[in-house]
**Student:** 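Sharing a structure with you now.
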Amino acid sequence: AGSLVQSSAKSGQTLVGYAKGFVKIFEAFRKYGIDSDAVHGLCMQLAFFILGADPISAEERIEIRDVLKSYLYDLKPLTPNKTRDEDTCRMFYNVPREVILNPENPYDNPYVKSMQSGALSLMKILSDNRDTDYGKMYSFDTIKTIDAYRFRVPLCDIYSIKPLIKLQTNIGEKNIMTSSLVTDYFITDSGELLPNTDEHFSQYLKALGETLSNKKSLFLTSWKDDKFVSNDGVLAGRFEQILVMKFLTVYLDRHKFLNVNLTSNRGKYFAYKGDDLYRMLLVDALIDRDVEQIVAINTVHIAKAFEYLDNNTDGILEEISRTDKERAAELEKIFKEGFGEDTLKRIWPSLDRTIGYGSGELKKYTDVMKKYTGSLPHNHGYYYTELALLGKAVEDESDLFVGLNNNNFYELMSLRKGENKDEVIALSEAEENGLYQLIITNAAGIYRCVSDHIIYCRKTDFSGVYFTIY
């Protein structure tokens, strides 16, 4: 398991086998008169596998079509309910039919093109916010295409939207930029505030839950505690502080099935700050021999925590000895030899990787971290930003990320010399070796915001854009 990203690429013969296996399930449904939504779900998953298959031939796609066509012709449109809207129902009905029943060119259909361009996410954002002040100003209810969105809605940045956010935070006006409840404001490094909503934040909580699930984890974190409550009664704080607070409280209480096993009690994360928090987390983890991974939002925390350990070894060992003298003695022998290639594996024999974003401008912290973690594999995990969860590392020891198909809409502005910097393209139009500045529309009321995130496109395929951080 060398990657947080488990590839969806399957061979053509594997997918033929899946299709034949599905027939047994579908026949059982027919036999017993079961009209199951699972048929749509299975066919939808198979359609995505076909689009991302490596390798798959036209003959294999034709075989899959011939195996499943009678069942696809029998598919009935789904009915919207509390868990799926009209767009989702249309997608689950149309995508399997257009992909599986079109083996000659499964990519040539409007639904696949809409998913690749992000149009479906964009249209949902515009529909949800058409009755806001911002939505009425730019007639969101009449925008039906990406080109119309670009023509109608101007580019902005986090500074130009400051007056609108002030209306929310100072006066308490609602429904200005988003129809959803603003649950928090993120304080950026420059001191600006960015709104957060449950719809926007769900992607971050899910990503952190995936990272921490099913392994004993030393989860390192710390933050600048400058949170405050704005005049509209909403908490403003640093992104990481809000993420960790919500994850360790509400999210884990609602998702007990995740099997998140941390070396420290959740309550301790709120009882300490700064280096004291690092100290407490390290003491608990060092007492535990069964740590399997070290996780942080970014490598800054891993680097600083182990620097703290290196500079305060005697005090930490003394604290450990109060709880477990045998373990303290064992660790003392290891620390006397200094940090080397295998030090962490000697401390924690089951440790198999560190996880935390440490590319781009954070590479200097990754280099510091490596002085302590040695040859232990490192995975950059997720590329977290306040505006969006931008990407996921494709494998250990790689700076390559794949862009995420989440509930945001992305555009790109080329930064190559000689190219028209006024031209903005969809993420799906990125070209290999292109250097781009990201423009982000998200589910928290941010529209066409020119970010300070710059990516270098390495390759593109159906599954997304693969990039490194510039």
**Student:** Can you tell me if F228 has over 12 outside heavy atoms packed within less than 6.0 Å of its CZ?
**Tutor:** yes
**Student:** Would you say T142 and R152 make side-chain contact, with heavy atoms under 4.5 Å?
**Tutor:** yes
**Student:** Do any N or O atoms from the side chain of Q437 and from the backbone of S451 form a donor-acceptor pair under 3.5 angstrom?
**Tutor:**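 The answer is yes, because a donor-acceptor pair under 3.5 Å joins these two groups.
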**Student:** Do T188 and E386 have side-chain N/O donor and acceptor atoms under 3.5 Å apart?
**Tutor:**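 Side chains of T188 and E386: no pair found under 3.5 Å.
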**Student:** Nearest heavy-atom pair of V394 and V402: which atoms, and what distance?
**Tutor:**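 Where V394 meets V402 most closely, the heavy atoms are CG1-N, 4.0 Å.
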**Student:** To the nearest 0.5 Å, what is the distance between SG (C156) and CD1 (I439)?
**Tutor:**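 C156 SG to I439 CD1: 9.5 Å, rounded to 0.5 Å.
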**Student:** Taking the side chain as every heavy atom from C-beta outward, state whether L248 and L262 have any atom pair closer than 4.5 Å.
**Tutor:** yes
**Student:** So which atom in G191 and which in I187 form the shortest heavy-atom distance, rounded to 0.1 Å?
**Tutor:**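 Smallest heavy-atom distance, with atoms named: CA-CG2, 4.2 Å.
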**Student:** Do S190 and I158 make a side-chain contact, defined as non-hydrogen atoms from C-beta onward lying under 4.5 Å apart?
**Tutor:**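 Yes, at least one pair of side-chain atoms sits under 4.5 Å.
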**Student:** What about Y436 and Y410, are their ring centers closer than 6.0 Å?
**Tutor:**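 For Y436 and Y410, the ring centres are not under 6.0 Å apart.
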**Student:** Surrounding OH of Y470 (heavy atoms of other residues, nucleotides or ligands, distance under 6.0 Å), is the total greater than 12?
**Tutor:**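 Open: at most 12 neighbouring heavy atoms sit under 6.0 Å from OH of Y470.
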**Student:** Please check if the side chain of Y107 supplies one atom and the backbone of L51 the other of a donor-acceptor pair under 3.5 Å.
**Tutor:**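 Yes.
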**Student:** Thinking salt bridges, do K24 and E27 make one under a 4.0 Å N-O criterion?
**Tutor:** no
**Student:** Using side-chain contact (heavy atoms from CB on, under 4.5 Å) as the criterion, list what pairs up with R150, not counting sequence neighbours.
**Tutor:**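 By the side-chain contact (heavy atoms from CB on, under 4.5 Å) rule, R150 matches I146, D147, E411, V424, A426, E429, R448.
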**Student:** Find the distance between OG1 (T441) and CD1 (I446) and round it off to the nearest 0.5 Å.
**Tutor:** 9.0 Å
**Student:** Can you find a heavy atom in the side chain of H378 that is under 4.5 Å from one in the side chain of T373?
**Tutor:**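 No. Closest side-chain heavy atoms not under 4.5 Å.
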**Student:** Any chance the side chains of Y185 and D232 put a donor and an acceptor closer than 3.5 Å?
**Tutor:** yes
**Student:** Check whether any side-chain N or O of T197 sits under 3.5 Å from a backbone N or O of A443 as a donor-acceptor pair, and report yes or no.
**Tutor:** yes
**Student:** Can you name the nearest heavy-atom pair linking F140 to N129, along with the distance?
**Tutor:**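 Answer, listing the atom of F140 first, then N129: CD2-O, 3.6 Å.
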**Student:** Are side-chain heavy atoms of E240 and N298 found at a separation under 4.5 Å?
**Tutor:**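 E240 reaches N298 side chain to side chain.
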**Student:** Looking at T169 and I165, would you say the former's side chain and the latter's main chain have a donor-acceptor pair under 3.5 Å?
**Tutor:**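 Yes, because the side chain of T169 sits within donor-acceptor range (under 3.5 Å) of the backbone of I165.
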**Student:** Start with the C-alpha distance between S222 and H301, add both sets of side-chain angles, then the distance that settles side-chain contact (heavy atoms from CB on, under 4.5 Å), and finish with yes or no.
**Tutor:** CA-CA 7 Å; S222 184; H301 297 306; 4.1 Å; yes
**Student:** About how many Å separate CZ of R61 and CD1 of I100, when rounded to the nearest 0.5 Å?
**Tutor:** 12.0 Å
**Student:** Looking at T183 and N196, would you say the former's side chain and the latter's main chain have a donor-acceptor pair under 3.5 Å?
**Tutor:** yes
**Student:** Has the side chain of D128 got a donor or acceptor atom that lies under 3.5 Å from a matching backbone atom of S179?
**Tutor:** no
**Student:** Do the side chains of R238 and D189 get nearer than 4.5 Å, heavy atoms only?
**Tutor:**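 Touching, per the 4.5 Å side-chain cut-off.
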**Student:** If we check side-chain contact (heavy atoms from CB on, under 4.5 Å) with L390, which of these qualifies: L404, N408, I440?
**Tutor:** I440
**Student:** Report, as yes or no, whether the 6.0 Å neighbourhood of atom CD on E361 holds more than 12 heavy atoms from other residues, nucleotides or ligands.
**Tutor:** no
**Student:** Does the pair D253 and R266 meet the rule for a salt bridge (Lys or Arg N to Asp or Glu O under 4.0 Å), with working shown?
**Tutor:** CA-CA 11 Å; D253 287 341; R266 283 191 270 166; 3.3 Å; yes
**Student:** Would you compute the distance between atom CG of D396 and atom CG of D352 and round it to the nearest 0.5 angstrom?
**Tutor:** 8.5 Å
**Student:** For E60 and G12, which heavy atoms make the closest approach, and how far apart are they?
**Tutor:** OE1-CA, 3.3 Å
**Student:** Between the side chains of K20 and E63, is the shortest nitrogen-to-carboxylate-oxygen separation below 4.0 Å, so that they form an ion pair?
**Tutor:** yes
**Student:** Taking the side chain as every heavy atom from C-beta outward, state whether Q168 and L193 have any atom pair closer than 4.5 Å.
**Tutor:**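 No - every pair of side-chain heavy atoms lies 4.5 Å or more apart.
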**Student:** When rounded to the nearest 0.5 angstrom, what is the spacing between OG in S359 and CZ in F401?
**Tutor:**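 Those atoms lie 5.0 Å apart.
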**Student:** Show your working on side-chain contact (heavy atoms from CB on, under 4.5 Å) between L387 and C449 and close with a plain yes or no.
**Tutor:** CA-CA 9 Å; L387 286 169; C449 183; 4.2 Å; yes
**Student:** Would you mind reporting whether Y447 and I125 have side-chain heavy atoms less than 4.5 Å apart?
**Tutor:**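 They are in side-chain contact.
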**Student:** Working to the nearest 0.5 angstrom, can you tell me the gap between I62 CD1 and E59 CD?
**Tutor:**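 The CD1 atom of I62 sits 6.0 Å away from the CD atom of E59.
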**Student:** Check the pair F201 / Y251 against side-chain contact (heavy atoms from CB on, under 4.5 Å), numbers first and verdict last.
**Tutor:** CA-CA 11 Å; F201 210 48; Y251 192 78; over 6 Å; no
**Student:** Can you list everything that forms a side-chain contact (heavy atoms from CB on, under 4.5 Å) with A28? Sequence neighbours excluded, please.
**Tutor:**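 A28 satisfies side-chain contact (heavy atoms from CB on, under 4.5 Å) with no other residue.
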**Student:** Is it true that atom NZ of K124 has more than 12 heavy atoms of other residues, nucleotides or ligands lying nearer than 6.0 Å?
**Tutor:** no
**Student:** Okay, side chain of R84, backbone of T79: is any donor-acceptor separation there less than 3.5 Å?
**Tutor:** yes
**Student:** Do the rings of F186 and F239 sit parallel, tilted or perpendicular, given the 30° and 60° boundaries?
**Tutor:**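 Rings of F186 and F239: perpendicular, over 60°.
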**Student:** Side chains of E210 and Y382: any donor to acceptor distance under 3.5 Å?
**Tutor:** yes
**Student:** Per the salt bridge (Lys or Arg N to Asp or Glu O under 4.0 Å) rule, what does the pair list look like for residues 160-188, sequence neighbours excluded?
**Tutor:**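 Qualifying pairs: K162-E192, D184-K246.
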**Student:** Please find the pair of heavy atoms, one from Y456 and one from L435, that lie closest to each other, and give the distance.
**Tutor:** CD1-CD1, 4.1 Å
**Student:** Can you confirm whether more than 12 heavy atoms, excluding those of K304, are under 6.0 Å from its NZ atom?
**Tutor:** no
**Student:** Over all heavy atoms of both residues, which pair between N407 and S202 is shortest? Give the atoms and the distance, please.
**Tutor:**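 Smallest heavy-atom distance, with atoms named: ND2-OG, 4.4 Å.
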**Student:** Once you measure the plane-to-plane angle for H200 and Y204, does it fall in the parallel (<30°), tilted (30-60°) or perpendicular (>60°) bin?
**Tutor:** perpendicular
**Student:** Checking F219 against L208 for the side-chain contact (heavy atoms from CB on, under 4.5 Å) test, could you report, in this order, the C-alpha distance in whole Å, the side-chain angles of both residues, the deciding distance, and whether it holds?
**Tutor:** CA-CA 11 Å; F219 178 41; L208 186 55; 4.2 Å; yes
**Student:** Which residue in the set V295, T354, T211, I355 passes side-chain contact (heavy atoms from CB on, under 4.5 Å) when paired with N379?
**Tutor:** I355
**Student:** Tell me whether T299 contacts the main-chain N or O of I302 through its side chain, where contact means a donor paired with an acceptor under 3.5 Å.
**Tutor:** no
**Student:** For the residue pair Y149 and F409, does the interplanar ring angle fall in the parallel (under 30°), tilted (30 to 60°) or perpendicular (over 60°) class?
**Tutor:** perpendicular
